[in-house]
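Everything below concerns the one structure shown next.
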Amino acid sequence: VQTCALPISSYRGVGGKPVGITRTHRHARTGPRDVAYMTDSSGGVTLDDHDAQLVAAARAVRDYAYAPYSRFAVGAAVRVAPQAAPLEGTLHRGVTGQTLPDTFVGCNVENASFDLTICAERNAVFQAVAAGARSIEAVAVVTDAPTPTMPCGACRQVLREFGPDMVVIGATLAGKVARYRLSELLPGSFGPEDLPGA
Ligand code: THU
C-alpha cells in the first residue's frame, strides 16, 4: 500500500489536462493499478505511475513552501526502499509496525537570516531518515520554473548518502519533466564507503 503524508492527486500537465495515456499494469510493490505514462513537451521523458505519483506528492507539498524572500517555491518527495518500520507502531501513525510509508515529502523553508534556508530536497530526506528509512530509490522536485529544477549541489551530496544511484526527477508545474540518475549529476562522488573502516 502506498502511503503519503499528503493526498496524492494524479499529476497533470499544461492546462490541467492529464498527460499521456493510461493502461493497467501490475507493479511489484503496489499490485494492479493504472499507469499514467507522462511525456513532457520538450524532451520526451516518460514516467511510469510510480514516478508520476512521486511527482504528484512533490507538487502537493510545494503548496506549503515557506519562501517569502525568494518567492521560489519548491516541493520535493523521496521514495524509500521497502523496509520494516524500526520503531513498531509508536511513531508511524496509521502504520501498524509492518512497513514504513514509502513516500516522504519536504518543502523549502526560508528564514529572515537568509543563510538558514533549507531546501525542499533535504527536508524530504530528513523526514525519511527520521522515520527510520536509510535507502532512497528516487527523488522528485517540482517548481514553477520554465525548465525542471535539479537539486542543488549540497542536496545532491545529502541525497547521495542514502542512494548513490537513485533516480532524480525534476518537473515543472507546466508539465516539463527531466529524469537522471544521481551518479550522472554527482559523478565521482564522496560517500560513506570512502571513510576509513567502511
Ligand atoms: N531551493 C530548493 O528548495 N531546492 C532546489 O533544488 C533549489 C533551491 C530553494 C532554496 C531557496 O528557498 C529557494 O529555492 C531559492 O534558492
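- A distance of 9.5 Å separates OG1 in T117 from CZ in R122, rounded to the nearest 0.5 Å.
- Screening D144, T143, T172 against T149 for a side chain to side chain donor-acceptor pair (under 3.5 Å) leaves a single residue, T143.
- Contact record, A128 with V78: CB-CG2, 3.9 Å, taken as the closest heavy-atom pair.
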Let's go through D102 and H50 carefully: what are the C-alpha distance in whole Å and the side-chain angles of both, what is the deciding distance for side chain to side chain contact (heavy atoms under 4.5 Å, CB included) to 0.1 Å, and is it a yes or a no? CA-CA 11 Å; D102 75 1; H50 216 204; 4.1 Å; yes
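- Under the ring pair (Phe, Tyr, Trp, His ring centres under 6.0 Å) criterion, Y69 pairs with F114, sequence neighbours left out.
- Between V74 and C119 there is no side-chain heavy-atom pair separated by less than 4.5 Å.
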Show every donor-acceptor pair shorter than 3.5 Å between a side-chain atom in residues 184-197 and any protein atom, with sequence neighbours excluded, or say none if there are none.
residue	atom	partner	partner atom	Å
E184	OE2	R181	N	2.7
S189	OG	R160	NE	2.8
E193	OE1	R160	NH2	2.9
D194	OD2	G191	N	2.7

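- The CD atom of Q53 lies 9.5 Å from the CZ atom of R79; values are rounded to the nearest 0.5 Å.
- Between R179 and T46 the shortest heavy-atom distance is CD-O, 4.4 Å.
- No donor-acceptor contact under 3.5 angstrom links the side chains of N123 and Q127, judged on distance only.
- Scanning both residues, Y180 and A178, for their nearest heavy atoms gives CE1-CB, 3.9 Å.
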I136/F104 under side chain to side chain contact (heavy atoms under 4.5 Å, CB included): CA gap, chis, key distance, verdict: CA-CA 10 Å; I136 297 176; F104 295 87; over 6 Å; no
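- Counting all heavy atoms, side chain and backbone alike, P82 lies closest to E137 at CD-OE2, 3.6 Å.
- Rounding to the nearest 0.5 Å places CD of E161 at 10.0 Å from CZ of R134.
- In plain terms, the two heavy atoms of L173 and R62 that are nearest each other are CD1-NH1, 3.6 Å.
- Take A140 and apply the side-chain contact (heavy atoms from CB on, under 4.5 Å) test, not counting sequence neighbours, and it matches L54, V55, A58, I169.
- What you find for A77 and A57 is that their closest heavy atoms are CB-CB, 3.9 Å.
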Please report the C-alpha distance between E121 and V158 in whole Å, then the side-chain angles of each, then the deciding distance to 0.1 Å, and finally whether the side chain to side chain contact (heavy atoms under 4.5 Å, CB included) criterion is met. CA-CA 9 Å; E121 296 92 323; V158 169; over 6 Å; no
